[in-house]
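Data first, discussion second: the structure below is written as structure tokens.
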Amino acid sequence: GAVVSQHPSWVICKSGTSVKIECRSLDFQATTMFWYRQFPKQSLMLMATSNEGSKATYEQGVEKDKFLINHASLTLSTLTVTSAHPEDSSFYICSARPDSLSYEQYFGPGTRLTVT
Amino acid sequence: LAKTTQPISMDSYEGQEVNITCSHNNIATNDYITWYQQFPSQGPRFIIQGYKTKVTNEVASLFIPADRKSSTLSLPRVSLSDTAVYYCLVGDPLMDMGRRALTFGSGTRLQVQP
């Protein structure tokens, strides 16, 4: 089946620094990828839609200047958390759907971000 | 967006069949129903998807009544490794780049006991 990877799997950073998280589709192309965040014991919240070759579309309430998304190629999207603060500590997950007509979304393993 | 309602938690024993029902009263004509499984600190995993009637794959069955206002995920003979959170999502996978089909509700926390 299709595989989506994320890197790093976990990261600890100091408050005020920026962190980049990569999402890769390993064996398929994805024009569109999605980014979520998940707090402990809570559900996934869709943050933004990442589009190859164009600007990302952010969900209401998500700061686009804080969560920078770059969809550099058909297999790579990156999420950069800028000027991170402890409240940004969360589990960040990406997903992608093959550009074929498959309706299935494939999710990455997630990245645990801890801001100290 | 079609809102979904699921039981918050369910308990079962190994070897039993588990049925998790999801209500989605305002499902739209083009909406599909998709179920995902999530283990702690992992991304969700696709289980099954359907539009109407019954869909079966190697891990589960999905039952959808004619009015499509609810759906039931059936897991046959669960094992301890099926302990996870199960999410029911409803939306049009072709609309808005699939975004509308990616609204996660609270999910159902299934605990399988030995």
Side-chain angles (χ1 to χ4, degrees), chain A residues 1-6 9-10 21 23-25 30-54 56-60 62 71 77 90-114, chain B residues 1-9 20 22 30-52 55 57-60 62 64 83-111:
Chain A
V3 177
V4 174
S5 70
Q6 285 184 238
S9 55
W10 60 270
I21 302 170
C23 176
R24 292 182 185 273
S25 56
T31 302
T32 303
M33 295 183 176
F34 300 91
W35 287 95
Y36 314 75
R37 64 189 301 181
Q38 184 176 32
F39 294 107
K41 303 293 186 184
Q42 294 188 24
S43 184
L44 283 77
M45 185 192 79
L46 181 64
M47 298 175 66
T49 303
S50 172
N51 305 298
E52 190 270 340
S54 64
T57 304
Y58 292 82
E59 297 298 310
Q60 190 172 9
V62 178
H71 200 131
S77 175
S90 187
F91 193 53
Y92 291 87
I93 305 169
C94 69
S95 76
R97 189 178 80 190
D99 282 345
S100 63
L101 289 179
S102 167
Y103 289 179
E104 294 183 28
Q105 284 282 340
Y106 297 94
F107 287 80
T111 297
R112 175 76 58 194
L113 169 63
T114 302
Chain B
L1 298 176
K3 178 177 169 58
T4 60
T5 303
Q6 303 174 231
I8 293 175
S9 64
I20 306 175
C22 178
N30 294 329
D31 286 349
Y32 280 70
I33 300 156
T34 311
W35 286 80
Y36 292 90
Q37 174 192 56
Q38 187 182 29
F39 298 111
S41 297
Q42 293 187 27
R45 183 178 73 99
F46 173 91
I47 301 176
I48 198 166
Q49 183 180 74
Y51 182 80
K52 62 180 180 180
V55 180
N57 61 23
E58 62 274 12
V59 298
L62 178 59
I64 306 169
T83 294
V85 179
Y86 292 82
Y87 294 99
C88 160
L89 278 69
V90 175
D92 184 349
L94 295 181
M95 185 75 169
D96 202 11
M97 298 171 291
R99 169 186 160 274
R100 293 177 185 269
L102 295 170
T103 300
F104 282 78
S106 56
T108 298
R109 193 170 299 273
L110 173 65
Q111 180 69 50

- chain B: which of A/E59, A/Q6, A/R112 shares the most heavy-atom pairs with it under 4.5 Å? A/E59

- Item | Proximity breakdown for B/F39 and chain A, heavy-atom pairs closer than 4.5 Å | neither

- Message: If you define the side chain from C-beta out and look only at heavy atoms, does anything of B/Y36 sit under 4.5 Å from A/Q105?
- Response: yes

- Less than 4.5 Å apart, any side-chain heavy atom of B/P44 and any of A/I93? yes

- Side chain / backbone / both / neither for A/L44 at chain B, heavy atoms under 4.5 Å: both

- Item | Interchain contact, A/Q38 with chain B, by part (heavy-atom threshold 4.5 Å) | side chain

What distance do [X] atom [atom1] and [Y] atom [atom2] have between them, rounded to the nearest 0.5 Å?
| X | Y | atom1 | atom2 | value |
| --- | --- | --- | --- | --- |
| A/M45 | B/T103 | CE | OG1 | 11.5 Å |
| A/Y36 | B/F104 | OH | CZ | 5.5 Å |
| B/Q38 | A/F107 | CD | CZ | 8.5 Å |

- Item | B/S106 versus A/S43, closest heavy-atom pair with distance | CA-CB, 4.3 Å

- Query: Can you name the closest pair of heavy atoms from B/L102 and A/L46 and give their distance?
  - Reply: O-CB, 4.4 Å

- Query: Can you list the steps and then say if A/K41 with B/R109 is a side chain to side chain contact (heavy atoms under 4.5 Å, CB included)?
  - Reply: CA-CA 10 Å; A/K41 303 293 186 184; B/R109 193 170 299 273; 4.2 Å; yes

